Amino acid sequence: MLLSFVFAALSASSVLATPLLNVTAPRACGTVISQEKIVEAEAHFQANKVSPNSTFGALAATVPIYFHVISSGSAVSQGNIPDSQIASQITVMNRAYASAGITWTLAGTTRTTNANWFNTAGPGASAQTSMKSSLRQGGANALNVYTVGFNSGAGAGLLGYSTFPSDYSRNPTDDGVVMLFSSVPGGSTTNYNLGQTLTHEAGHWVGLYHTFQGGCSSSGDMVDDTPPEASPASGCPTGRDTCSGGGVDPIHNFMDYSYDSCMTEFTPGQVTRMRSQLATYRGINI
């Protein structure tokens with residue numbers, strides 16, 4: 001739903017998503033942003049928007065990913081995920097973003113044993129600031145992914161969080177995604193271990209908002225082909241329709257909160273927005 005940015009409850013900082021405490025609990029999201037910043041972010045995008053180079057699907061762009069594996073010890077259960085799971089995660093990402101003409105490629109992997117970073121990294125926390133300052137690589141066009149445990153502090157219980165493209169110029173070092181290590185393909189987080197955590201968080205990194213942003217009200221996700229949705233979905237509730245008019249809820253969209261197994265698509269409108277956001281803020285022209 002493409003509606004006035006003035007009233008859109010969008011986030012221009014970071015987006016968080018919590019994992020399950022049990023198999024029936026939904027994902028959750030929390031953002032801290034003033035209405036003034038919301039208006040500023042969308043106004044800046046409208047005033048500075050760069051159109052992508054090509055028509056839909058004509059070209060492709062390769063985006064480098066730097067994986068930073070943070071662990072508290074040498075075991076997989078302590079965060080030391082193997083290269084095979086990282087490779088599988090890249091495969092999942094490439095399948096999800098194929099329609100957008102985005103190819104993700106592994107540019108490098110670092111491995112750091114640091115129990116403080118692993119346990120306490122979270123939005124605004126000193127641990128995540130230190131972690132990113134020490135490890136981040138590349139420029140605005142490079143996605144840095146940090147896998148941690150989210151066991152305590154500001155990040156306790158999180159599934160992942162991400163910055164947005166428009167954040168980069170203000171704080172380049174903070175740019176990237178922090179995610180739960182056990183949500184990669186083959187991980188141990190029930191219902192969220194097929195790799196769609198990174199698909200979702202990378203969606204924010206390329207400029208997308210949640211499909212349920214603004215609920216059924218006059219605000220939305222800045223995309224006109226995602227039906228309005230009153231609240232995030234949980235599980236895979238086929239036929240769910242929380243807003244009158246506009247169609248059933250987009251529960252299969254990567255930017256909703258469904259189980260990994262239920263997430264299958266981005267809409268053409270989302271692809272158009274992410275391509276323009278990438279061209280405007282990350283110098284990636286597709």
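In this chain, numbering begins with 1 at the start of the sequence shown. For the numbers below, each heavy atom of this structure counts, side chains included, while hydrogens, waters and symmetry mates do not. These numbers were taken from a predicted model, which means no experiment stands behind them.
Considering all non-hydrogen atoms of both residues, Gly246 and Pro227 come closest at O-CB, 3.3 Å. Considering every non-hydrogen atom in both Trp117 and Asn114, the closest pair reads N-OD1, 2.9 Å. For the pair Ile86 and Val69, the tightest heavy-atom approach, listed with the atom from each and the gap, is CD1-CG2, 3.8 Å. The minimum heavy-atom distance between Val92 and Gly195, with the atom names listed, is CG1-O, 3.9 Å. Across every non-hydrogen atom of Asn48 and Thr280, the tightest pair is O-CG2, 3.4 Å. The nearest pair of heavy atoms linking Cys236 to His252 is SG-CE1, 3.9 Å.
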ask   = Given the rule in the side-chain hydrogen bond (donor to acceptor under 3.5 Å, both in side chains) test, do Ser231 and Arg240 qualify, once you have shown the distances and angles that lead to the verdict?
value = CA-CA 11 Å; Ser231 59; Arg240 182 178 189 255; 2.7 Å; yes
request  = Walk me through it: do Asp249 and Thr242 pass the test side-chain hydrogen bond (donor to acceptor under 3.5 Å, both in side chains)?
outcome  = CA-CA 7 Å; Asp249 294 354; Thr242 56; 3.0 Å; yes
message = Please determine whether side-chain hydrogen bond (donor to acceptor under 3.5 Å, both in side chains) holds for the pair Gln85 and Ser88, giving the CA-CA distance in whole Å, both sets of side-chain angles, and the decisive distance to 0.1 Å.
response = CA-CA 5 Å; Gln85 286 187 316; Ser88 294; over 6 Å; no
request  = Go through Tyr161 and Gln128 one step at a time and tell me if the side-chain hydrogen bond (donor to acceptor under 3.5 Å, both in side chains) criterion holds.
outcome  = CA-CA 12 Å; Tyr161 62 96; Gln128 80 115 33; 2.8 Å; yes
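A heavy-atom distance below 4.5 Å is found between the side chains of Ser276 and Phe45. Residues Asn193 and Ser182 fail the side-chain proximity criterion, which asks for heavy atoms closer than 4.5 Å. Residues Leu198 and Val177 meet the side-chain proximity criterion, which asks for heavy atoms closer than 4.5 Å. Proximity of Phe67 to Asp83: side-chain heavy atoms (C-beta onward) are nowhere separated by under 4.5 Å. In this structure, the side chains of Leu194 and Ser261 come closer than 4.5 Å at one or more pairs of heavy atoms. Arg282 places a side-chain heavy atom less than 4.5 Å from the side chain of Tyr168. Residues Arg273 and Pro268 are not in side-chain contact: their nearest non-hydrogen atoms beyond the backbone lie 4.5 Å or more apart. Using a 4.5 Å cut-off on side-chain heavy atoms (C-beta onward), Leu180 and Val148 make no contact.
Taking CG from Leu278 and CG from Asn285, the interatomic distance works out to 9.0 Å, rounded to the nearest 0.5 Å. Distance check, rounded to the nearest 0.5 Å: CE of Met255 to CD of Glu265 gives 13.0 Å. One distance of note links CG of Asp260 with NE2 of His200; it measures 10.5 Å at 0.5 Å rounding. To the nearest 0.5 Å, atom CE of residue Met222 and atom CD of residue Gln46 are 7.5 Å apart. Distance check, rounded to the nearest 0.5 Å: CD1 of Ile284 to CD of Gln277 gives 11.5 Å. Separating the OG1 atom in Thr105 from the CD1 atom in Ile90 is a distance of 7.0 Å, to the nearest 0.5 Å.
Trp205 has its ring centre no less than 6.0 Å from the ring centre of Phe164. With ring centers used as reference points, Tyr146 lies under 6.0 Å from His68. If you look at Tyr281 and His44, their ring centroids are closer than 6.0 Å.
Side chain of Asp221 to main chain of Phe212: no donor-acceptor pair is present (N/O by atom type, distance under 3.5 Å, no hydrogens or angles). Although no hydrogens or angles enter the test, the distance criterion places a donor-acceptor pair under 3.5 Å between the side chain of Ser133 and the main chain of Thr129. The backbone N or O of Ala75 lies less than 3.5 Å from a partner atom in the side chain of Gln78, making a donor-acceptor pair. Judged by distance alone, the side chain of Arg111 and the main-chain N or O of Asn80 form no donor-acceptor pair under 3.5 Å. Not one N or O on the side chain of Ser183 forms a donor-acceptor pair closer than 3.5 Å with the backbone of Met179. Using modelled atom types, no side-chain atom of Asn144 and backbone atom of Tyr66 make a donor-acceptor pair closer than 3.5 Å. Of the possible polar contacts, one joining the Arg136 side chain to the Gly138 backbone as a donor-acceptor pair under 3.5 Å is found. Thr113 places no side-chain N or O within 3.5 Å of a backbone atom of Gly73 that could act as its donor or acceptor partner. In this structure a side-chain-to-backbone donor-acceptor pair under 3.5 Å is missing from Asp174 to Thr163. The backbone N or O of Ala115 sits nowhere less than 3.5 Å from a side-chain atom of Ser72 that would complete a donor-acceptor pair.
The hydrophobic cluster containing Tyr97 also contains Val63, counting ILVMFWY residues as joined when their side-chain heavy atoms lie under 4.5 angstrom apart, directly or transitively. Under the 4.5 Å side-chain heavy-atom criterion for grouping Ile, Leu, Val, Met, Phe, Trp and Tyr, Val76 is not connected to Val184 through any hydrophobic cluster. Hydrophobic clustering places Val206 together with Ile286 (ILVMFWY residues linked when any side-chain heavy atoms are closer than 4.5 Å, directly or through intermediates). Residues Tyr192 and Ile251 do not share a hydrophobic cluster, defined by chaining ILVMFWY side chains whose heavy atoms lie under 4.5 Å apart.
Among Thr211, Asp225, Asn253, Asp224, the single residue meeting the side-chain hydrogen bond (donor to acceptor under 3.5 Å, both in side chains) criterion with Thr267 is Asp225. With Ile70 as the partner, the side-chain contact (heavy atoms from CB on, under 4.5 Å) test is satisfied by one option alone out of Thr112, Val178, Asn116: Thr112.
Using modelled atom types and a 3.5 Å distance limit, the side chains of Asn119 and Ser152 yield no donor-acceptor pair.
Using cut-offs of 30° and 60° for the angle between ring planes, the His204 and His210 rings count as perpendicular.
Evaluation of the side-chain contact (heavy atoms from CB on, under 4.5 Å) rule for Phe181 yields Ile81, Phe118, Thr147 as partners, not counting sequence neighbours.
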